[in-house]
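Here is the structure we will look at, set down as structure tokens.
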Amino acid sequence: MIADLSLYLVTDAALCGARGVVETVREAVDGGVRIVQLREKDAEHSHVVARLVELSRVIDGRALLVVNDRLEAVLDARAQGARVDGVHLGQRDESVLHARAVLGPDALIGLTASSAAHLAALHALPEGTVDYLGVGVIRPTATKPDHPPALGIEGFRAFARATALPCVAIGGVGIDDTEDLQSAGAAGLAVVSALCASPDPRAAASEFRARWRRGAVPRVLSIAGSDPSGGAGIQADLKSIAANGGYGMAAIAALTVQNTRGVRDVHVPDAAFLSAQLEALSDDIVIDAVKIGMLANVEAVRVVSAWLDRVRPPLVVLDPVMVSTSGDRLLDADAEDALASLLHRAHLVTPNLAELAVLTRREIEGWPAALAAAEELSTEYGTAVLVKGGHLPGDQAPDAIIDVRSGSREEFGGGRIATANTHGTGCSLSSALATRLARGEDLTEAVRAARSWLRESLREGGALHVGGGHGPVHHFAGLWARGGAGTRPLPEEVAEDWWQGIAGIRAGIDGLPFVRGLADGSLSTEDFLFYLAQDALYLRDYARVLAVAARLAPTPDEQAFWAESARGSILGELELHASWLTPAQGVAAATFVADASPTTTAYLDHLRSVAFGGDYPELIAAVLPCFWLYTDLGKRLHAGEFGERARDPQHPYATWLATYADPAFAEATARAIEFVTRAAAAADDETRARMRRAFERSSAHEQAFFRAPGERGGDSVT
Ligand SMILES: Nc1ncnc2c1ncn2[C@@H]1O[C@H](COP(=O)(O)OP(=O)(O)O)[C@@H](O)[C@H]1O
Ligand SMILES: Cc1ncc(COP(=O)(O)O)c(N)n1
Ligand SMILES: [Mg+2]
């Protein structure tokens, strides 16, 4: 078996202090350490054996365990039932040939190496004697006082180039060396004091692991069925993994005869053949995440279950595929219980409503019932559940994450996209999630990003013209739109640089008395009504500017979006204004009677000048801050960032605050950002610069607009 060496902990009892080695290892493995080396240079044999037994118990298969030098201890610990994967030997320790002879071909054997002479000696050994090299030291370090001269990053690079064996960098390695060592060819980082001496080994390990993941392309394996029409199953998985930034692999559990209209037949190869595929992969390739889809029958479930138990990939996403979108059975009825037994081995399960009903053995009527069932499933199996609302009746297609262990319960709202191209949505979503989680995104981030990608792919599926039934989604819609078949890099410019560029403005808005007063409810009615009256005047003309964007839009999709937003601004928003601007509020004020303040006028002048003098890309950049800043503020108010009071239903401005946090508005904002991003990607440098200026000016006007109620028509930005 190939070892995942990406984060390698070498223990040092003295550095672990009162917490002890065992507890330190437990926490470090929780945080993402993938291999542990017990290093007890001077301890008694019996002590080392006892430690290995304890460590094997706390690691519980989640990471590999080797011991420094003590070959006999491996044998004795194994005799006591411990899982010890092998030994790490120094140049002066027992010979690697002897270790291989004693431990057999499956053991993991590592060797410390630092010089050309060490490399030359390796060439004399039969292939398969040594599995990996610990190469160092990288920098001078106190944990190994007798170390050879430091190699530095360049010395490591030269060393790694000269051997085909995986090389772990060891000795004085810090987290900031991650990218340099990755590019120098390191298979992983070995750390001693950074974890053992840390007050919080879990957090320290998870930082190391996240940093490593960010710089590496995750290797994602789909174990699923084949869909020859390419929209679902492994074909969808491979596209989805690629579209989300991973390297895709596929072990085929079943073959379907299928097109967009339905499944005509299923052929399930011998389970031993599936097992052989899995073994071939784990013998050679480090697998960063596994996505499981159609397994077809009990035998396939058993093979996968046994393989997972042995290999213990760091991330398993289980899509409990039972019935296809076309209504055909993809799992034998007698395999449903077997599949449920796999749930224990999954980090995330992604059932649709029907699958959730089978797994929890209950009827599910409506979304609240689905959430309750997901809660039950999460409790029963100790796994996170993503419950999918794709099959709900009505115009909404929400999903929700429920994880009782962490207490997280998060809903992702979104309107149903009017399309017949829903074949393979579940397959695509689960693969995208496996990939994004393997890249180091947290669950919320991963779901948000995967959904936004899937929704874009759903919208564009029709353009592929594949089949007459439920067609596929367009997995590469975003990528192609942003640069033709991936020939240009995805520009993160808008979401990253532009947003970062207005950080000062955003912080300024957060500190304004109006925003603070709105959050804690202390804002005077007078100030609020002043704001509202100006906002109404603003929205009336903002809607006209959005209508110009609709007129200039290059695609029907964008045209419809801006027209819809224009309609929303003049209708939906004003409805709310009207409900506030009534005599019941103590102030008789009709919606449009106020005079526009200089601030309002200045903002509108800016928008109008872009609408009538600029072009489409510049215009949509100018209208974006009004979407984005409100959504962002709404999200943070709702999350309690400005105090708990903002979440109180008794808050005097509660109905107003609710509109800020409306998921439909957040969705519209995401699309607006996407359109601006697309336009920026396609634009030449001069246009892009104009877009950014327009965006920044609108953001400054937003700040002035929030400031104005406190200053009553005071200063403005021009
Ligand atoms: N018409 C649609 N519009 C928007 N999202 C959809 C639509 N159909 C499915 N989805 C989304 O696709 C994903 C797959 O969900 P679902 O269809 O419920 O599962 P499955 O494909 O496994 O049957 C979910 O994120 C769901 O919200
Ligand atoms: C081989 C195979 N696997 C899975 C699905 C489920 O498709 P969906 O993602 O639409 O639920 C399918 N239709 N075919
Ligand atoms: Mg579906």
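When a ligand or atom number is given, it counts from 1 through the structure's own listing order.
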Legend entry - Enclosure of R405 CZ (heavy-atom neighbours >12, cutoff 6.0 Å): yes
Inset, instruction - Step through the shown structure and confirm whether more than 12 heavy atoms of other residues, nucleotides or ligands are within 6.0 Å of OH on Y247. - result: no
Would [X] count as being in polar contact with ligand 2, using the rule that some N or O on each side must be under 3.5 angstrom apart?
X: G424; result: yes
X: C427; result: yes
X: V321; result: no

Inset, instruction - Indicate, as side chain, backbone, both or neither, the part of Q258 found under 4.0 angstrom from ligand 2 when only non-hydrogen atoms are considered. - result: side chain
Legend entry - Side chain, backbone, both or neither: the part of L330 lying under 4.0 Å from ligand 2 by heavy atom: side chain
Under a 4.0 angstrom heavy-atom cut-off, which atoms of ligand 2 come close to [X]?
X: A232; answer: 5 (C), 7 (O), 12 (C), 13 (N), 14 (N)
X: T425; answer: 9 (O), 10 (O)
X: G225; answer: 1 (C)
X: H423; answer: 10 (O), 13 (N)
X: G426; answer: 9 (O)
X: G233; answer: 1 (C), 2 (C), 3 (N)

Legend entry - Main-chain N/O of S6 paired to R34 side chain as donor or acceptor, under 3.5 Å: no
Legend entry - Atom pair CD/CH2 of E460 and W480 - distance to nearest 0.5 Å: 11.5 Å
Legend entry - Straight-line distance of L619 CG to R551 CZ, nearest 0.5 Å: 9.5 Å
Legend entry - ligand 1 atoms in contact with K388 (distance to a heavy atom under 4.0 Å): 14 (C), 15 (O), 18 (O), 19 (O), 20 (P), 22 (O)
Under 4.0 Å from ligand 1, counting heavy atoms only, is it the side chain of [X], its backbone, both or neither?
X: L458; answer: side chain
X: T350; answer: neither
X: D399; answer: side chain

Legend entry - Pairing of E674 and R678 as salt bridge, 4.0 angstrom limit: yes
Inset, instruction - Answer yes or no: is there an ion pair linking D442 with R436, defined by an N-O contact shorter than 4.0 Å? - result: no
Inset, instruction - Verify whether the ring centers belonging to Y630 and F665 lie closer than 6.0 Å. - result: no
Inset, instruction - Mind listing the closest non-hydrogen atom pair of D237 and S431 along with its distance? - result: OD1-OG, 2.6 Å
Legend entry - Criterion salt bridge (charged side-chain N to carboxylate O under 4.0 Å, His left out) against D309, the qualifying member of R345, R62, R302: R345
Inset, instruction - Among E411, E410, E441, find the residue that satisfies the salt bridge (charged side-chain N to carboxylate O under 4.0 Å, His left out) test when tested with R448. - result: E410
Inset, instruction - Give yes or no for whether the N/O distance cutoff of 3.5 Å, strictly under, is met between G415 and ligand 1. - result: no
Have a look at [options] and point out the one with the heavy atom closest to [atom].
atom: atom 14 (C) of ligand 1; options: V321, T425, L353; result: T425
atom: atom 3 (N) of ligand 1; options: I417, N352, D395, V323; result: I417
atom: atom 8 (N) of ligand 1; options: T419, N421, D319, T422; result: T422
atom: atom 23 (O) of ligand 1; options: H470, R416, R451, H391; result: H391

Inset, instruction - Would you check if there is a donor-acceptor pair between the side chains of S282 and W307 at a distance under 3.5 Å? - result: yes
Inset, instruction - Would you tell me whether D319 and T350 have side-chain atoms, one donor and one acceptor, within less than 3.5 Å of each other? - result: yes
Legend entry - Within-shell test, A224 vs ligand 2, heavy atom, strictly < 4.0 Å: no
